[in-house]
There are 2 protein chains.
Amino acid sequence: MPVRDKRQRLVAAATELSHRVGLSNASLATIAEEADVPIGNVYYYFKSKDELASAVVGARREEYDALRRRWDAESDDPVQRLVSFVRHARDGADLLAARGCPIGGLCSDLTRTSPDLGAEAGEIFAATIAWAADSYSALGHPRPVDAATRLVAMTQGATVLAHALGDAGLLRAECERAEVELLAPRDGG
Amino acid sequence: MPVRDKRQRLVAAATELSHRVGLSNASLATIAEEADVPIGNVYYYFKSKDELASAVVGARREEYDALRRRWDAESDDPVQRLVSFVRHARDGADLLAARGCPIGGLCSDLTRTSPDLGAEAGEIFAATIAWAADSYSALGHPRPVDAATRLVAMTQGATVLAHALGDAGLLRAECERAEVELLAPRDGG
DNA sequence: GTCTATAGACCGATAGAC
DNA sequence: GTCTATCGGTCTATAGAC
């Protein structure tokens, strides 16, 4: 299906550019060029830039859904699943420090131009928190949602600082500390 | 000095708009209108938009420098100073949830268009971490910079999530938890 | 110092030939 | 389905009247 292929390439290019320069800074011309699709042809696949943005959010959501399914498949142990989440941020620290979090960036970018799309992107965080809360719940944590929120907030905050300071080591250090804490928890952690 | 006044109004308007819609989404026309300064007059005070952006970074830096000086003046107790920092985020939770962190937004926005300005904005975070580290150091914390980084990362991460999920309560809850932890620390906290 | 007019480039989006 | 040509609008920045 050549149609699907071009559409897919456009979404992939827009997704990549949304991370590198932000969606509002990425023109349709640049996206089309990066996707190797004729410039004016974009409007055959998407009737507006917002519709392309919505496809980008969908692609990111599916990407992170797949990641969580993989972590679930790799281990039944709730602690190991949470460790997989933290290690993913650790392993991507260089890119995250260079460009920031792709989801966080998408949320703040889209919220400014289209509240609906911003909320749509926010659901990726909501799904991640809900997933982590399941693991904390299985561990018998008294407030699983709070603990999950804290874990996701930690990776987000460290990513923001690593990005702002251009210091991937900061993010790696925080992830490693979180991993240690997950493996040897104290009360209330 | 009417000159200083207009220049100051332009910087104030640009600073406010950088928080509300992002600096790259704020046109010079909009900024001038918000500052009640004739549109084309902007270039008398700033020779480029980047120079105006640099003034915005300077204004934010001075704003947060003044905040820390106030917290230092209000108490000699290191714990109380750190609590002041956390309470400031808690008190501004509604605005932070609606628009995100002004510094974090400035950093990610400017880094994308001008790495130099992005690094300049990043120094605001660096100064905040250094300030918090002084308090942790006074408390005899074994790794004051790590602890300070963690505290700032916590507020940033909670702000990102509160903004993405449109949930100011999330940020307030995290700040209150952090305050409790500051007032009744455990080992390694 | 102040302001208008506008250049020159780029944007999202559309019309219509093929 | 595919692609070109282009419209109307907005952007940063400049030239120059007052």
Side-chain angles (χ1 to χ4, degrees), chain A residues 1-57 106 109-118 120-121, chain B residues 1-57 105-106 109-118 120:
Chain A
M1 233 89 79
V3 171
R4 271 277 140 199
D5 185 52
K6 283 195 177 180
R7 196 195 138 96
Q8 200 170 335
R9 259 153 50 206
L10 282 169
V11 174
T15 302
E16 210 275 336
L17 278 165
S18 77
H19 193 197
R20 193 163 33 166
V21 301
L23 208 45
S24 60
N25 295 81
S27 70
L28 292 176
T30 309
I31 294 168
E33 194 183 5
E34 188 114 334
D36 204 23
V37 167
I39 317 170
N41 203 344
V42 175
Y43 284 91
Y44 175 71
Y45 301 98
F46 304 95
K47 70 167 182 272
S48 70
K49 193 183 180 182
D50 269 9
E51 199 176 285
L52 174 55
S54 181
V56 167
V57 172
L106 210 52
D109 205 3
L110 293 178
T111 301
R112 283 166 170 171
T113 57
S114 162
D116 289 348
L117 285 173
E120 212 178 303
Chain B
M1 230 92 76
V3 172
R4 271 278 139 198
D5 185 51
K6 284 197 178 182
R7 195 195 138 96
Q8 199 170 334
R9 258 153 50 205
L10 281 170
V11 174
T15 302
E16 210 276 338
L17 278 166
S18 76
H19 192 196
R20 193 165 34 170
V21 300
L23 209 45
S24 60
N25 295 78
S27 71
L28 292 176
T30 309
I31 293 168
E33 193 184 5
E34 189 113 338
D36 204 23
V37 168
I39 317 170
N41 204 343
V42 175
Y43 285 92
Y44 175 74
Y45 300 98
F46 303 96
K47 69 165 181 273
S48 69
K49 193 182 179 182
D50 268 11
E51 199 176 287
L52 175 55
S54 181
V56 167
V57 172
L106 210 52
D109 205 5
L110 293 178
T111 302
R112 283 167 170 169
T113 58
S114 163
D116 289 349
L117 285 173
E120 211 178 305

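All figures in this text were calculated on a predicted structure; none of them were measured in a lab. Just so we're on the same page: letters track the sequence lines, and every chain starts at 1.
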### Message
Each nucleotide in nucleotides 12-18 of chain C should get exactly one letter: B, S or -. Can you fill that in based on protein heavy atoms under 4.0 Å?
### Response
SBB----
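- Straight-line distance from the CG atom of B:L52 to the C1' atom of D:dC11: 15 Å, rounded to whole Å.
- With rounding to whole Å, B:N41 atom CG is found 6 Å from C:dT2 atom P.
- Each of A:L17, A:L110, A:L106 was compared with A:V56 under the side-chain contact (heavy atoms from CB on, under 4.5 Å) criterion, and only A:L106 meets it.
- For the side chain to side chain contact (heavy atoms under 4.5 Å, CB included) test, no residue two or more places apart in sequence or in another chain qualifies with A:P115.
- The structure places CG of A:N41 at 8.0 Å from CG of A:L10, a figure rounded to the nearest 0.5 Å.
- What separates CG of B:D5 from P of C:dT2 is a distance of 11 Å, to the nearest Å.
- Residue pairs satisfying the salt bridge (charged side-chain N to carboxylate O under 4.0 Å, His left out) criterion with at least one member in residues 40-54 of chain A, sequence neighbours excluded, are listed as follows: A:K47-A:E51.
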Going by atom type alone, with no hydrogens or angles, which donor-acceptor pairs under 3.5 Å involve a side-chain atom of residues 28-39 of chain A and a protein atom two or more places apart or on another chain?
{"from": "A:T30", "atom 1": "OG1", "to": "A:S27", "atom 2": "OG", "distance (Å)": "2.8"}
{"from": "A:E34", "atom 1": "OE2", "to": "A:R20", "atom 2": "NH2", "distance (Å)": "2.6"}

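- For DNA chain C, no neighbouring residue in residues 31-39 of chain A is found when judged by any heavy atom under 4.0 Å.
- Separating the CZ atom of B:R7 from the P atom of C:dG1 is a distance of 13 Å, rounded to the nearest angstrom.
- In this view, B:V11 and B:T15, B:F46, B:L52, B:A55, B:A59 satisfy the side chain to side chain contact (heavy atoms under 4.5 Å, CB included) rule, not counting sequence neighbours.
- For the pair B:N25 CG and D:dT12 P, the computed distance is 10 Å after rounding to whole Å.
- Nearest heavy atom pair, residue A:L117 against residue A:V57, reads O-CG2, 4.4 Å.
- Nearest approach of B:S24 to B:D109, heavy atoms of both residues: OG-OD1, 3.0 Å.
- At D:dT2, none of the side-chain N or O atoms of A:Y44 fall inside 4.0 Å of OP1 or OP2 (strictly under the cut-off).
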